[in-house]
Amino acid sequence: MYQVLYRKWRSRSFDDVVGQEAITTTLKNEIRQGRFAHAYLLMGSRGIGKTTCARLIAKAVNCLDPRDGNPCGECELCRGIDNGSLVDVVEIDAASNNGVDDIRDLRETAFFLPAVARYRVYIIDEVHALSPNAVSALLKILEEPPEHVIFILATTEVQKIPAAIQSRCQRFDFRRIPSQVIAGHLSRIAGEEGIDLEPEAALLVARLADGGMRDALSLLDLCRSHSQEITVHTVSEAAGLIGQDHLFEIAAGIAKQDLSGVMDLIARVGGQSVEYDRLCTQLVGHFRNLLMVLSSKTPGEVIVCLPETLEQYRQQSKEFSAGRLLRAIRVLQEAQNAMTRTTSRRTELEMAAIRLCDPRLDQSPEALLNRIEQLEAKLNAALAGGLPAQAPPAVTEAPSPPPARPRAPSPAAERPDGPPAPPADSAKDAVPFPQWEAVLDRLGKTNPAARGALLGSSAYTAAGRVLIASDNPVFREMMKSNEYTRTSLKKAIMEVTGTRYGLGPYNGPAQAPKAEEKPPLEDLLQKAKEAGVPVDIQ
């Protein structure tokens, strides 16, 4: 009978376990020195070696011929554990045996001496699924276990395990296996099995497995059923994936706001038997990769892809701003959540595409800031090309700017013989504020809109105040009219520096003070109209 790859290539010793060297070294040393614990808690995501290591512990402590902390795998006890015939090693699936009666039966049998082996070992998988009463019953025997009993608890959701259980176990946190390590292991197995596996295909399988060796071997088995020569195309077909080209095409349509083209692409991909929730997940990953290219100095280390694909990401990232990519990820994630509550998954994906292609339909703060950002980009392009020497006469529909509010004269200004008073926010003694980036990061958690408006800004300190150098009219308007913006910015500065500062504009050489200023949005619209830039405000 054929045996699937993940069972055939299950690790036979601690040295064979891939990607968990820190854990297996500790376990080998404990068992070699005879100082192993009475209870272990193995935690981590699925398919990364928890159950394998649990069985290896059970074999190593009972092996008749241990070898440097590893089980021999050849004695009758090791073979009995492998084929499940040894009655002294019991595996319990807590997801289906989670009642208090099941744990009470375990407690009753645990006090009996082992029939054949040296230790009676209980492996409880998915222990987080136990009922509260069952957990209480298990806690009782973990407090005072018999000397001949070892408990091994495995879980994928450690946050559900009570602290009282965790404190009585030796904990091991299994980490996801790096994609390069999985790809190397797959290549070795393929060589032993006579499978022609391309390195690019191995890397794609590893990336799809998301750190799980079992999932990678299962997918390799599926690809083997398609062909003995496994290429990237073979993996894409076996996994039901769409090609990278389709993702780039959809993203390009969103960048150009080509709603009709994006809808046609979604319909075409759906006709290829690709699930819409899977497509939505892949689009989230695609926009995440574009964001990593924009924000990371070494995107090749955080994006697992081929070199030519990374170059495609670099080229397409130029069509998006970071704010627009963040908004795309947020909209698609909202569509993902909605898909779990409805059967109309295609409709949810299409509505997300409409929102991404037509920002006017989205009234969220991020969408409004994105629209203002696009308007500024058009205006800056017009200014770079040169404005007419004389502006056309003001149109009658444009509202006149409100009159400037007169300022109260300073005490020095009331004395004719005294020297003129310096401006309140003079940058004469200002020094750069080195913690400004940390302040912006903290501000982004409480007030993302203000954080977005402060992109590209800098700050200085003088006389107990933080002076902000920003040419963004949106931020200046927010500071004038929004008390929450001022409060949240002061709070962010306080949390980062531990000192209370006042706020003010920076009027240094890099930003000369202006004599008079119109309301920001009105001034922006006026300049756009003078430059001949079409503006559609809805």
Side-chain angles (χ1 to χ4, degrees), residues 204 208 232-233 235-294 303 305 308-309 311-375 377-378 534-538:
L204 180 57
L208 293 172
V232 172
H233 181 70
V235 176
S236 299
E237 285 187 347
L241 297 177
I242 63 172
Q244 292 287 339
D245 292 341
H246 293 80
L247 295 177
F248 282 102
E249 289 177 11
I250 293 175
I254 292 174
K256 299 175 183 176
Q257 298 185 354
D258 181 12
L259 179 58
S260 176
V262 172
M263 288 299 185
D264 290 342
L265 283 170
I266 292 176
R268 189 175 70 190
V269 172
Q272 299 174 356
S273 301
V274 175
E275 295 294 336
Y276 292 105
D277 55 346
R278 186 68 177 269
L279 175 59
C280 188
T281 300
Q282 290 179 332
L283 285 172
V284 170
H286 185 80
F287 282 108
R288 175 260 179 193
N289 292 342
L290 292 175
L291 183 61
M292 291 299 101
V293 170
L294 282 181
I303 302 175
C305 64
E308 54 269 25
T309 305
E311 182 60 30
Q312 283 184 282
Y313 281 128
R314 286 197 175 98
Q315 294 300 323
Q316 191 168 72
S317 65
K318 299 176 182 178
E319 303 177 18
F320 293 91
S321 65
R324 194 173 179 191
L325 290 173
L326 286 171
R327 176 174 170 268
I329 294 173
R330 187 186 299 268
V331 170
L332 290 170
Q333 286 178 334
E334 291 174 357
Q336 280 182 302
N337 294 333
M339 286 180 183
T340 62
R341 302 187 297 269
T342 181
T343 57
S344 303
R345 297 179 179 178
R346 175 175 178 174
T347 302
E348 294 294 339
L349 182 58
E350 289 172 340
M351 288 193 299
I354 292 173
R355 291 175 61 190
L356 293 178
C357 291
D358 192 351
R360 295 173 299 179
L361 299 178
D362 193 348
Q363 301 300 320
S364 65
E366 293 87 353
L368 295 176
L369 285 174
N370 181 59
R371 292 168 62 184
I372 294 175
E373 181 181 334
Q374 292 180 356
L375 183 60
K378 292 180 179 179
V535 179
D536 182 14
I537 300 298
Q538 298 187 19

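Only a predicted model underlies this, so the values are computations on that prediction, with no experimental measurement involved.
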Looking at [atom1] of [X] and [atom2] of [Y], how far apart are the two atoms once the value is rounded to the nearest 0.5 Å?
X: R345; Y: L279; atom1: CZ; atom2: CG; answer: 12.5 Å
X: C280; Y: L332; atom1: SG; atom2: CG; answer: 5.0 Å
X: I329; Y: L291; atom1: CD1; atom2: CG; answer: 5.0 Å
X: F287; Y: L325; atom1: CZ; atom2: CG; answer: 7.0 Å
X: Q312; Y: L290; atom1: CD; atom2: CG; answer: 10.5 Å
X: L247; Y: N289; atom1: CG; atom2: CG; answer: 9.5 Å

Measure from the side-chain N and O atoms of R341 to the backbone N and O of N337, and report whether any donor-acceptor pair falls under 3.5 Å.
-> yes

Counting N and O atoms only, with roles assigned by atom type, does the side chain of S344 sit under 3.5 Å from a partner on the main chain of T347, one being a donor and the other an acceptor?
-> no

Does a side-chain heavy-atom distance below 4.5 Å link R355 with E350?
->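 No, their side chains stay 4.5 Å or more apart.
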
Minimum heavy-atom separation for [X] and [Y], please, with both atom names.
X: V262; Y: I250; answer: CG2-O, 4.0 Å
X: F320; Y: A251; answer: CZ-O, 3.3 Å
X: D277; Y: M339; answer: CA-SD, 3.5 Å
X: F248; Y: Q316; answer: O-NE2, 2.8 Å
X: E319; Y: A255; answer: OE1-CB, 3.3 Å
X: G270; Y: Y276; answer: CA-OH, 3.5 Å

So Q282 and H246, side-chain contact (heavy atoms from CB on, under 4.5 Å) or not? Walk me through it.
-> CA-CA 10 Å; Q282 290 179 332; H246 293 80; over 6 Å; no

Return the orientation label for the H286 and Y313 ring planes: parallel under 30°, perpendicular over 60°, tilted otherwise.
-> tilted

Take E249 and R268 through the salt bridge (charged side-chain N to carboxylate O under 4.0 Å, His left out) test and state the conclusion after the steps.
-> CA-CA 12 Å; E249 289 177 11; R268 189 175 70 190; 3.0 Å; yes

L356/R324 under side-chain contact (heavy atoms from CB on, under 4.5 Å): CA gap, chis, key distance, verdict = CA-CA 9 Å; L356 293 178; R324 194 173 179 191; over 6 Å; no

Decide whether Q336 and T281 meet the rule of one side-chain donor and one side-chain acceptor closer than 3.5 Å.
-> yes

